[in-house]
*Asks:* 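Take this structure, written in structure tokens, and hold onto it; I'll ask about it next.
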Amino acid sequence: MSRALKAVVPLFAALLAVTGLALGALMLGPLPTSPAALLAAAAGAGDSTAQLALSLRLPAVLTAVVVGAGLALAGATLQALFRNPLASPDLLGVSSGAAAGAALALLAGLAPWAMQGAAFLGGIASGTLTLAAAAAVRSGDPRLALILCGVVVGALAAALLGLALLAADPYTKLPTLTWWLLGAFSRATLAEAVVALGLTSAAAAVLLTLGARLDALALGEDQARALGLPARTLRLLALATAALATSAVVSISGLVGWIGLLAPHAARLLVGETAARLLPMSALLGAAVALIVGQLARAFGPAEIPVGLLTALVGAPAFLALFISRAGRRP
């Protein structure tokens, strides 16, 4: 088997797995249906059970796929750029900024779609502030400066969020805000999920276009400059793209942790460190994890368990197992 084919086979297998999980999520539930009935319902025909199942489940399934893929893409990009296996999508303060934006919109009494828009703007604003502050630092390690600026911006956003929680009405607004912070895939509408899909796809296209240049940046800025690459510009572009993907998905799902940290590590075990293979594999594995967690959230009764809790329960031991496995492979 050629090297190119060996690289494609894991990606194709992961794509089939995600497709099967998504189809299973659409079929299974209180209203079970068949693939043929779903296809007929998508075409405007079919029985009412299939049409109802499709209308109820399709937004949640698409949201899970987009959120998992977006967080995993951002996590893989940040881990490569910082050469830090613990880098995750909230490193730039984006997740905290999105949470603060949603909280302020809720306190202002805005509509749900406006709340999600405020979460997106809050995430983008936090990411932009982090990048601008880090760019203003002219001395020292730029990666360390970016991490420190992200911590500071995230702390400021967390403080705003805390104030919003204190000010929220405990009987009306606080439960909604708390549920949003714990994360859910069933809250977004199909239109909102499609918008997030478009933004995440654009971010993925930019990162995949960078390709080998991301690999050069992962070796360090000195090596990238030696190859004639504008290291600082490329790094800022990659970071801004990761912030865009994170903001887009957090705005429709709330805070969902661990996927952006776990999926890239699992992808490296399958396809290695090369960005052209690592990024799509990370996205596919992230989507698969999100689909599984989404099903688990609805498997224990009529009330949905917040997916942020489940990703922590599943992600923490899974990450520990991956860490031990990788450590055991080293000489």
Side-chain angles (χ1 to χ4, degrees), residues 14 18 63-99 119-120 123-124 126-127 130 146-147 150-151 153-154 157 181-185 196-197 199-201 203-204 206-208 214 218 238-271 273 275 278-294 306-320 322-323:
V18 171
T63 298
V65 171
V66 173
V67 170
L71 292 176
L73 273 173
T77 301
L78 295 174
Q79 289 172 17
L81 291 178
F82 291 105
R83 290 181 286 177
N84 186 341
L86 297 179
S88 61
D90 56 357
L91 183 67
L92 304 180
V94 174
S95 296
S96 298
F120 176 75
I124 289 294
S126 295
T130 299
L146 189 61
I147 292 174
V151 170
V153 172
L181 293 176
L182 293 175
F185 295 147
L197 174 62
L199 293 172
T200 305
S201 299
V206 172
L207 293 173
L208 289 173
L214 283 179
L239 291 172
T241 305
L244 171 65
T246 302
S247 299
V249 301
V250 169
S251 69
I252 63 170
S253 69
L255 300 182
V256 179
W258 287 95
I259 294 179
L261 180 63
L262 177 64
H265 284 278
R268 288 188 188 91
L269 294 177
L270 297 174
V271 297
E273 301 279 352
L278 177 62
L279 292 177
M281 178 58 80
S282 297
L284 290 171
L285 292 182
V289 171
L291 285 168
I292 293 172
V293 170
V307 294
L309 297 180
L310 288 178
T311 53
L313 289 173
V314 174
F319 181 78
L320 182 60
L322 278 175
F323 180 77

*Asks:* Once you round to the nearest 0.5 Å, how far does NE2 of H265 lie from CG of L270?
*Replies:* 13.5 Å
*Asks:* Okay, side chain of T311, backbone of G308: is any donor-acceptor separation there less than 3.5 Å?
*Replies:* yes
*Asks:* Report the C-alpha distance between L146 and L239 in whole Å, list the side-chain angles of each, state the deciding distance to 0.1 Å, and finish with yes or no for side chain to side chain contact (heavy atoms under 4.5 Å, CB included).
*Replies:* CA-CA 10 Å; L146 189 61; L239 291 172; 2.8 Å; yes
*Asks:* Among L208, T246, L78, L279, which one satisfies side chain to side chain contact (heavy atoms under 4.5 Å, CB included) with L73?
*Replies:*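 Answer after filtering L208, T246, L78, L279: L279.
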*Asks:* With a cut-off of 3.5 Å and sequence neighbours excluded, list every side-chain donor-acceptor pair involving residues 248-261.
*Replies:*
unit_1, atom_1, unit_2, atom_2, d
S251, OG, S247, O, 3.3
S251, OG, A248, O, 2.7
S253, OG, V249, O, 3.0

*Asks:* Heavy atoms only: give me the nearest A72-S282 pair and the separation to one decimal.
*Replies:* CB-O, 3.0 Å
*Asks:* Mind checking what makes side chain to side chain contact (heavy atoms under 4.5 Å, CB included) contact with L262, not counting sequence neighbours?
*Replies:*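 Here the qualifying residues are A318, F319, L322.
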*Asks:* Of the non-hydrogen atoms in A267 and M281, which two are nearest, and what is the gap between them?
*Replies:* CB-CG, 3.5 Å
*Asks:* How close do A275 and P280 get, heavy atom to heavy atom, and via which atoms?
*Replies:* O-CD, 3.9 Å
*Asks:* Do you know the tightest heavy-atom contact between A99 and L181?
*Replies:* CB-CD2, 3.7 Å
*Asks:* V94 versus L244: any side-chain heavy-atom pair under 4.5 Å?
*Replies:*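 No - every pair of side-chain heavy atoms lies 4.5 Å or more apart.
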*Asks:* Check whether any side-chain N or O of T130 sits under 3.5 Å from a backbone N or O of L92 as a donor-acceptor pair, and report yes or no.
*Replies:*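 Confirmed, T130 side chain pairs with L92 backbone.
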*Asks:* Closest approach of A76 and P264, non-hydrogen atoms and distance?
*Replies:* N-CG, 3.4 Å
*Asks:* Of the non-hydrogen atoms in L284 and V18, which two are nearest, and what is the gap between them?
*Replies:* O-CG2, 3.2 Å
